[in-house]
Amino acid sequence: MEYSKINNQKVLAAIEDWQKGDSAKWLSHFSNNATLLDDGHPRDFMKFSTEAIGKEHFTSIDKVENSSIDIYGKFHSDTWGDFKTYFKFRMGADGKFDQLLIGQANY
């Protein structure tokens with residue numbers, strides 16, 4: 001996996017931990033009350049993080065925007081198959097991510 005497009009070190013570390021399937025390290029990047037929006041719809045962040053990690057992953061990082069906090073790429077899900085997606089990270093006051101926006105991407 002090529003990560004060179006991601007210049008934000010916090011986002012890079014989170015994506016690498018997601019790709020490795022390390023839920024403990026992935027969760028360490030987020031505040032305790034982090035929220036998740038999936039195509040604009042609220043979902044349980046903790047449930048998503050523990051159920052999807054290890055079963056879903058990026059197969060390529062194709063585009064990075066917004067100071068490397070918005071990541072777009074091809075994605076594989078054991079449940080949903082292959083599609084283009086985005087992960088958009090939002091930083092909280094505590095220096096950890098407090099929101100993750102995910103969804104299908106058209107780029």
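Given the structure is predicted, the values throughout are model-derived calculations rather than measurements.
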Novice: Determine whether I69 and L27 fall in the same hydrophobic cluster, where Ile, Leu, Val, Met, Phe, Trp and Tyr are linked whenever their side-chain heavy atoms lie under 4.5 Å apart.
Specialist: yes
Novice: Should we say atom NZ of K88 is surrounded by more than 12 heavy atoms from elsewhere, each under 6.0 Å from it?
Specialist: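 Correct, the count exceeds 12.
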Novice: Can you confirm whether D70 sits close enough to V64 that some side-chain heavy atom of one is under 4.5 Å from a side-chain heavy atom of the other?
Specialist: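 Not in contact.
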Novice: Go through Q19 and F58 one step at a time and tell me if the side chain to side chain contact (heavy atoms under 4.5 Å, CB included) criterion holds.
Specialist: CA-CA 7 Å; Q19 293 292 104; F58 282 93; 3.5 Å; yes
Novice: So which pairs with a foot in residues 98-107 pass side chain to side chain donor-acceptor pair (under 3.5 Å), sequence neighbours left out?
Specialist: T35-Q99, D62-Y107
Novice: Enter the distance from K5:NZ to I61:CD1 here, rounded to the nearest 0.5 Å.
Specialist: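 The CD1 atom of I61 is 8.5 Å from NZ of K5, to the nearest 0.5 Å.
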Novice: Checking the side chain of D44 only, and the main-chain atoms of K47 only, is there a donor and an acceptor separated by less than 3.5 Å?
Specialist: yes
Novice: Distance check, rounded to the nearest 0.5 Å: D94 atom CG versus F30 atom CZ?
Specialist: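 Taking CG in D94 and CZ in F30, the distance rounds to 11.5 Å.
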Novice: Specify whether F87 and F75 have parallel, tilted or perpendicular ring planes, treating 30° as the upper limit for parallel and 60° as the lower limit for perpendicular.
Specialist: tilted
Novice: I want to check something: taking the side chain as every heavy atom from C-beta on, are D39 and Y86 in contact at a cut-off of under 4.5 Å?
Specialist: yes
Novice: Between the main-chain N or O of M46 and the side-chain N or O of S49, is there a donor-acceptor pair closer than 3.5 Å?
Specialist: no
Novice: What residues, two or more places apart in sequence or in another chain, satisfy side-chain hydrogen bond (donor to acceptor under 3.5 Å, both in side chains) together with S68?
Specialist: none
Novice: Heavy atoms, side chains only, cut-off 4.5 Å: are Y3 and I15 in contact?
Specialist: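 Y3 vs I15: side chains touch.
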Novice: Provide the full list of side chain to side chain donor-acceptor pair (under 3.5 Å) pairs with a residue in residues 50-59, sequence neighbours left out, each pair given once.
Specialist: E56-S77
Novice: Please name all residues satisfying salt bridge (charged side-chain N to carboxylate O under 4.0 Å, His left out) with K63, sequence neighbours left out, ordered by chain then number.
Specialist: E65
Novice: Going only through I, L, V, M, F, W and Y residues with side-chain contacts under 4.5 Å, is there a path from V11 to F48?
Specialist: yes
Novice: Measuring from S31:OG to K96:NZ, what's the distance to the nearest 0.5 Å?
Specialist: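 If we round to the nearest 0.5 Å, S31:OG and K96:NZ are 8.0 Å apart.
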Novice: Taking the side chain as every heavy atom from C-beta outward, state whether I102 and L37 have any atom pair closer than 4.5 Å.
Specialist: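 They are not in contact (no side-chain heavy atoms under 4.5 Å apart), so the answer is no.
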Novice: Counting only heavy atoms not in D78 (residues, nucleotides, ligands), do more than 12 fall under 6.0 Å from its CG?
Specialist: yes
Novice: Whether the side chain of T85 engages the backbone of A105 through a donor-acceptor N/O pair (distance < 3.5 Å, no angle test) should be reported.
Specialist: no
Novice: For D38, which residues count as a salt bridge (charged side-chain N to carboxylate O under 4.0 Å, His left out) partner, sequence neighbours excluded?
Specialist: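 Result, salt bridge (charged side-chain N to carboxylate O under 4.0 Å, His left out) vs D38: R43.
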Novice: When you group the ILVMFWY residues by side-chain heavy-atom contacts below 4.5 Å and let the links chain together, are Y72 and F83 in the same group?
Specialist: no
Novice: Could you tell me if the side chain of F97 sits less than 4.5 Å from the side chain of M91, heavy atoms only?
Specialist: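 Contact flag for M91/F97 side chains = yes.
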Novice: Is any side-chain heavy atom of F89 closer than 4.5 Å to one of L101?
Specialist: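 In short, these two side chains do not touch, never coming nearer than 4.5 Å.
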Novice: Please list all pairs passing the side chain to side chain donor-acceptor pair (under 3.5 Å) test where one or both residues lie in residues 6-18, with sequence neighbours left out.
Specialist: D17-H29
